[in-house]
Amino acid sequence: MGDHDGLAARFEAHRGHLRAVAYRMLGSLSEADDAVQEAWLRLDRAGSGRIDNLGGWLTRVVARVCLDMLRARTARREQPLDVQRPGAVAGGRGQGGRDPEQEALLAEEVGLALLVVLDRLGPAERVAFVLHDLFAVPFDQVAPIVERSPAAAKKLASRARHRVHGASAPPDPDRGRQRRVVDAFLAATRGGDLNGLLAVLDPDVVRRADRAALPAGVASELRGARPVAEETRGNWRRARFAQVVLVNGAVGLVVAPRGRLVVAIGLTSKDDKVTEIEVIADPSRLRQLDLAVLAN
């Protein structure tokens with residue numbers, strides 16, 4: 001085996017780990033693969049003669065490439081290339097011939113809710129959090145990647161951790177009860193269970209939605225348990241991608257195919273019944289929401 005083939009074989013042994021790191025940083029399988037390919041090109045140019053820890057070196061390179069990609073995306077206010085918009089259902093081949101089913105499986109493995117919340121972080125926060133909290137990279141190694149001191153890198157990860165887990169939301173002793181109501185609502189929606197929906201909806205429930213969330217001609221406000229239940233039951237396909245999260249500090253839902261936020265649903269409950277439903281799909285409103293992962 002030649003030197004080049006040997007180097008390629010050593011790189012392939014790390015590809016799965018590098019892809020996992022890049023995907024959590026970028027939330028896009030196509031971009032993650034691009035970052036991993038760039039790491040290979042840099043290794044191929046540099047050779048491994050002076051690299052003592054190849055896995056660590058490659059992780060740092062991928063992280064730096066991802067940071068640059070996140071900064072460029074933020075500057076252009078772009079979403080990942082393989083973003084999926086409301087109403088779209090995964091199927092067929094993705095951009096560049098990539099398989100959206102493969103990405104859907106990877107998103108499920110990582111956690112759709114986590115991917116949605118990670119997208120709310122700044123580039124340096126996201127990189128520091130992913131490296132340290134998800135892959136146990138020490139802060140003295142994270143620091144040069146994010147161009148901070150170890151203490152500042154630790155603060156970045158801490159700030160990200162608070163946002164991811166909703167530490168800024170005040171404790172709510174009623175949150176467990178809210179969770180049970182939302183879980184029942186989601187289960188009935190996914191199952192197309194009209195009676196289950198009627199059981200969890202208040203007789204006078206109100207559903208409000210912005211225009212981006214509705215087909216043309218559908219009223220932005222709907223009242224009454226049966227009309228709301230019948231409309232909700234019709235959304236069972238979209239509900240497959242729904243995840244329970246904290247929405248502005250209360251238990252709610254996000255619809256996120258492959259981890260891409262397209263709809264947020266706020267649910268207000270009283271006496272174990274849903275009294276108000278707010279459906280948000282307008283991108284500017286979605287950006288203003290405070291979202292956090294809800295602990296099991």
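As the structure is a prediction and not an experimental result, all values here were calculated from the model.
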Mind listing the closest non-hydrogen atom pair of L197 and R233 along with its distance? CD1-N, 3.8 Å
Under 4.0 Å between a Lys/Arg side-chain N and an Asp/Glu carboxylate O for R10 and E12? no
Looking at R126 and D119, is any side-chain nitrogen of the basic one under 4.0 Å from a carboxylate oxygen of the acidic one? yes
Any side-chain to backbone donor/acceptor pair from S158 onto K154? Under 3.5 Å, distance only. no
Run the salt-bridge test on R177 and D272 with the 4.0 Å N-O cut-off and return the result as yes or no. yes
Member of V146, D68, T74 meeting the side-chain contact (heavy atoms from CB on, under 4.5 Å) criterion with P123: T74
Under a 4.0 Å N-O cut-off, is there an ion pair linking E125 with R120? no
Is L112 reachable from L291 through a run of I, L, V, M, F, W or Y residues, each pair having side-chain heavy atoms under 4.5 Å apart? no
In Å, rounded to the nearest 0.5 Å, how long is the span from OG of S28 to CG of D33? 8.5 Å
Under 3.5 Å, side chain of R190 to main-chain N/O of A239, donor-acceptor pair present? yes
Would you call E278 and R285 a salt bridge, using N to O less than 4.0 angstrom? yes
Hydrophobic cluster mates of L194, side-chain heavy atoms under 4.5 angstrom, ILVMFWY only, any path? L198
Please confirm whether the backbone N or O of T268 pairs with a side-chain atom of T275, one donor and one acceptor, at under 3.5 Å? yes
Pair R207 + E221, salt bridge at N-O below 4.0 Å: no
Has R240 got a side-chain atom pairing as donor or acceptor with W236's backbone, closer than 3.5 angstrom? no
Rounded distance [0.5 Å steps], CZ in F11 versus CG in D44: 10.0 Å
When you measure from the side chain of K273 to the backbone of A199, do you find a donor-acceptor pair of N or O atoms at a distance under 3.5 Å? yes
Yes or no on side-chain contact (heavy atoms from CB on, under 4.5 Å) for T59 and L131, after CA distance, side-chain angles and deciding distance? CA-CA 9 Å; T59 299; L131 286 175; 4.1 Å; yes
Before you tell me yes or no, could you show the steps for R211 and D282 under side-chain contact (heavy atoms from CB on, under 4.5 Å), namely the whole-Å CA-CA distance, both residues' side-chain angles and the distance that decides it to 0.1 Å? CA-CA 8 Å; R211 287 300 175 187; D282 180 83; over 6 Å; no
Looking at CZ of F241 and CG of L261, how far apart are the two atoms once the value is rounded to the nearest 0.5 Å? 14.0 Å
Can you run down the side chain to side chain donor-acceptor pair (under 3.5 Å) pairs that involve residues 131-144, sequence neighbours left out, and say none if there aren't any? D133-R161
